[in-house]
Amino acid sequence: KSQGGNVVFAGVVDSDAVANNRQLRVDAGSGSIIFSDMVGGNSALGALYATTSGAGKTFINGAKVFTRGEQVYTGAVELGTSQFLNADFENGLVGWKTSIAQFFTGVTVVDGVVSPDDPTLPTTSPTNGSAPSVSPGDQGNMNYKPLTPVAAAGQGKDGGAALLLGTENNSNCLNAPAGCIMRGPSVVSEGTVSLAAGEAVSFDYKPVAGGDTYDVFGYLLNVNTGEYQIILNETGNGTGAVNWQNRTATAEKAGTYKFVFVSGSFDQTAGKQVGGSLYVDNIKTNTSGSKGLQGSSITFNGSLNSTDNNLAIKADDINFNGGAGSVTGNGKIALEANTPSKNIAVGGSTGDAPGSLELTGTDISALGDGFTSVKIGGTDMTGDISIIEATRINDNLILDAGTGNIHINDQLTVADAPGTGNDDNKPAPVLVLQSNGGKIDQTAGGAIVADGLVLLGDGAVQDLDNAANHV
């Protein structure tokens with residue numbers, strides 16, 4: 001439990017291999033809980049309780065959360081997004097560790113790991129008539145004059161704050177050879193980001209020349225293996241102004257990473273005067289993919305934002321208690337019973353369908369508009385899916401009963417809600433009913449209202465002749 005500070009799990013969180021039933025309770029108060037990798041991915045937890053309040057939030061960034069018992073999330077939950085905090089520096093330097101020490105690539109140690117070498121040294125353009133030469137790189141014996149790192153208000157790309165690292169413009173190579181590179185100060189994120197191979201990070205940056213041109217550097221540091229990936233290595237040409245730029249880098253290997261950024265200056269003119277700055281802003285991660293939550297019971301007592309991830313929730317009891325429209329995202333969302341033989345009842349109130357996975361009217365109304373699709377059930381299901389109360393879904397709806405049956409006992413409407421969900425320009429949503437060998441039927445009150453209907457499955461009997469159907 002923290003008193004409003006952040007609780008960060010940088011690696012995989014597993015249960016004891018022998019007991020295999022450990023519970024995890026985390027309460028960050030107004031801080032955030034960050035699961036950077038899988039929870040129970042190798043050895044299921046007994047249960048998970050994640051609690052935040054106010055502006056606090058639980059970030060689930062690994063591919064899987066698996067418990068044998070319940071999962072209860074109190075407070076906002078967000079999937080696959082910025083796992084480190086204060087990525088736009090609007091909260092000062094919270095979540096970032098700075099150093100004013102001079103930085104030497106291949107020598108300086110960051111978080112216990114030696115930094116990477118600079119693989120591309122620039123060539124000088126002397127103004128004194130000397131022949132150009134390849135820079136000797138980072139050097140000691142300099143007159144290094146660092147500026148204190150700050151979150152510079154009003155200097156960000158969008159007019160907000162931005163990280164500012166730099167040295168005074170009258171810094172000097174001094175006893176180092178001409179064409180030297182002076183690096184520092186530097187910064188490393190305290191939080192991490194979990195990336196699969198092929199997932200991307202992006203950031204805005206603006207290098208500033210001073211005593212001579214700039215030479216800026218940045219990399220991803222794998223906190224588990226010590227491996228790195230350089231994401232910024234840029235040398236200027238002259239001392240002219242440079243505009244904000246955006247850089248996107250794709251992870252070469254899956255891992256849990258920190259960000260490292262280093263300001264620097266290159267003695268391009270060979271006159272030995274150096275100095276320059278680096279602004280960084282709007283660091284983002286694109287960790288969209290498939291996320292799965294599985295347990296005996298899964299309850300959200302606040303909002304849930306799956307962002308652009310495909311989310312599968314598998315439990316015999318699923319509860320969305322955050323209110324209407326509190327479950328949002330623009331990927332796919334799937335809701336499935338943990339026990340394949342269990343029936344699923346859609347609509348109604350708790351207790352209307354004892355023994356079933358009850359997706360009540362409250363749960364359904366919590367699903368906001370904008371998902372690519374909403375799926376209820378799954379291919380390994382043997383129980384039945386029943387619509388027991390008038391139900392409306394604003395996105396493509398798939399009812400997949402596996403080898404079970406689908407009973408539409410009250411009106412089922414599948415239609416967009418104009419003005420919500422940022423999907424008004426997409427094709428109108430359709431209803432998909434799928435059963436392999438089961439029966440798909442409807443009662444007199446179970447009309448289907450949808451812009452399209454697709455029937456899938458082998459050997460199913462379909463009895464959908466309600467005169468009130470409007471498809």
Side-chain angles (χ1 to χ4, degrees), residues 8-12 32 34-38 41 57 59-64 78-90 95-96 110-111 113 115-116 119-120 156-158 160 162-163 187-207 216-234 243-262 278-292 305-312 328-333 370-372 422:
V8 180
F9 296 88
V12 175
S32 289
I34 303 173
F35 294 109
S36 298
D37 212 325
M38 294 187 296
K57 188 178 292 186
F59 293 96
I60 299 175
N61 302 306
K64 183 178 184 179
E78 196 162 307
L79 306 186
T81 56
S82 174
Q83 299 129 359
F84 54 94
L85 302 180
N86 193 26
D88 57 5
F89 302 96
E90 295 302 323
W96 296 88
V110 177
D111 270 19
V113 179
S115 58
T120 55
K157 181 180 180 181
D158 303 315
L163 170 68
V187 65
V188 58
S189 62
E190 293 179 343
T192 59
V193 53
S194 292
L195 299 171
E199 291 184 328
V201 298
S202 66
F203 55 93
D204 296 320
Y205 70 102
K206 184 173 74 169
V216 293
F217 196 70
Y219 60 98
L220 296 173
L221 173 61
N222 190 313
V223 299
N224 296 317
T225 68
E227 295 177 290
Y228 59 81
Q229 179 181 334
I230 296 173
I231 58 175
L232 177 63
N233 188 12
E234 184 176 309
N243 293 326
W244 278 98
Q245 303 173 65
N246 180 266
R247 177 67 58 88
T248 297
T250 300
E252 297 169 355
K253 295 182 180 180
T256 301
Y257 295 94
K258 290 189 173 184
F259 288 86
V260 181
F261 292 104
V262 187
L278 171 65
Y279 290 92
V280 180
D281 199 5
N282 299 323
I283 304 168
K284 298 177 181 179
T285 62
N286 177 14
T287 58
S288 60
S290 295
K291 312 289 184 185
N305 182 5
S306 64
T307 63
D308 53 358
N309 296 276
N310 296 330
L311 172 62
T328 57
N330 52 38
K332 301 175 183 178
I333 187 169
F371 289 101
T372 301
N422 297 318

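Under the 4.5 Å side-chain criterion, counting only non-hydrogen atoms from C-beta, Val262 is not in contact with Val216. For the pair Pro119 and Ile230, the minimum side-chain heavy-atom distance is below 4.5 Å. No side-chain heavy atom of Phe259 sits under 4.5 Å from any side-chain heavy atom of Val280. In this structure, Val201 and Ile283 have side chains that are not in contact, with every pair of non-hydrogen atoms separated by 4.5 Å or more.
A donor-acceptor pair shorter than 3.5 Å can be found between the side chains of Asp204 and Asn246. Side chain to side chain, Tyr205 and Glu234 meet the donor-acceptor criterion of an N or O pair below 3.5 Å. Between Thr307 and Asn309, the side chains place a donor N or O and an acceptor N or O closer than 3.5 Å (distance only, hydrogens not considered).
The shortest heavy-atom contact between Gly329 and Ser306 is CA-OG, 3.5 Å. Shortest non-hydrogen contact noted between Asp88 and Asp281 is O-OD1, 3.2 Å. The minimum heavy-atom distance linking Ala162 with Gly156 is given by the pair CB-CA, 3.6 Å. When all heavy atoms of Leu221 and Gly226 are compared, the pair lying nearest together is CD1-O, 4.0 Å.
A distance of 10.5 Å separates CD1 of Ile34 from CZ of Phe9, quoted to the nearest 0.5 Å. Here the OG1 atom belonging to Thr328 is positioned 3.5 Å from the CG atom belonging to Asn305, to the nearest 0.5 angstrom. One finds the CD1 atom of Ile333 at 11.0 Å from the OG1 atom of Thr372 (value rounded to the nearest 0.5 Å). Residue Tyr257 holds its OH atom at 7.0 Å from CD of Glu227, rounded to the nearest 0.5 Å. Between atom OH of residue Tyr228 and atom CD of residue Glu252 there is a gap of 10.5 Å, rounded to the nearest 0.5 Å. To the nearest 0.5 Å, the span separating NZ on Lys206 from CG on Leu163 amounts to 13.0 Å.
In this structure Lys258 satisfies the side chain to side chain donor-acceptor pair (under 3.5 Å) test together with Asp111, sequence neighbours excluded. Applying the side chain to side chain donor-acceptor pair (under 3.5 Å) criterion to Tyr279, with sequence neighbours excluded, gives no partner residue.
Side-chain N or O atoms of Gln229 include none that pairs as donor or acceptor with a backbone N or O of Asn222 at under 3.5 Å. Between the Ser32 side chain and the Lys57 main chain, a donor and an acceptor come within less than 3.5 Å of each other.
No more than 12 heavy atoms of other residues, nucleotides or ligands shown are found within 6.0 angstrom of NZ on Lys332.
Note on ring orientation: taking the six-membered ring where Trp is involved, the planes of Trp96 and Phe261 are tilted (angle from 30° to 60°).
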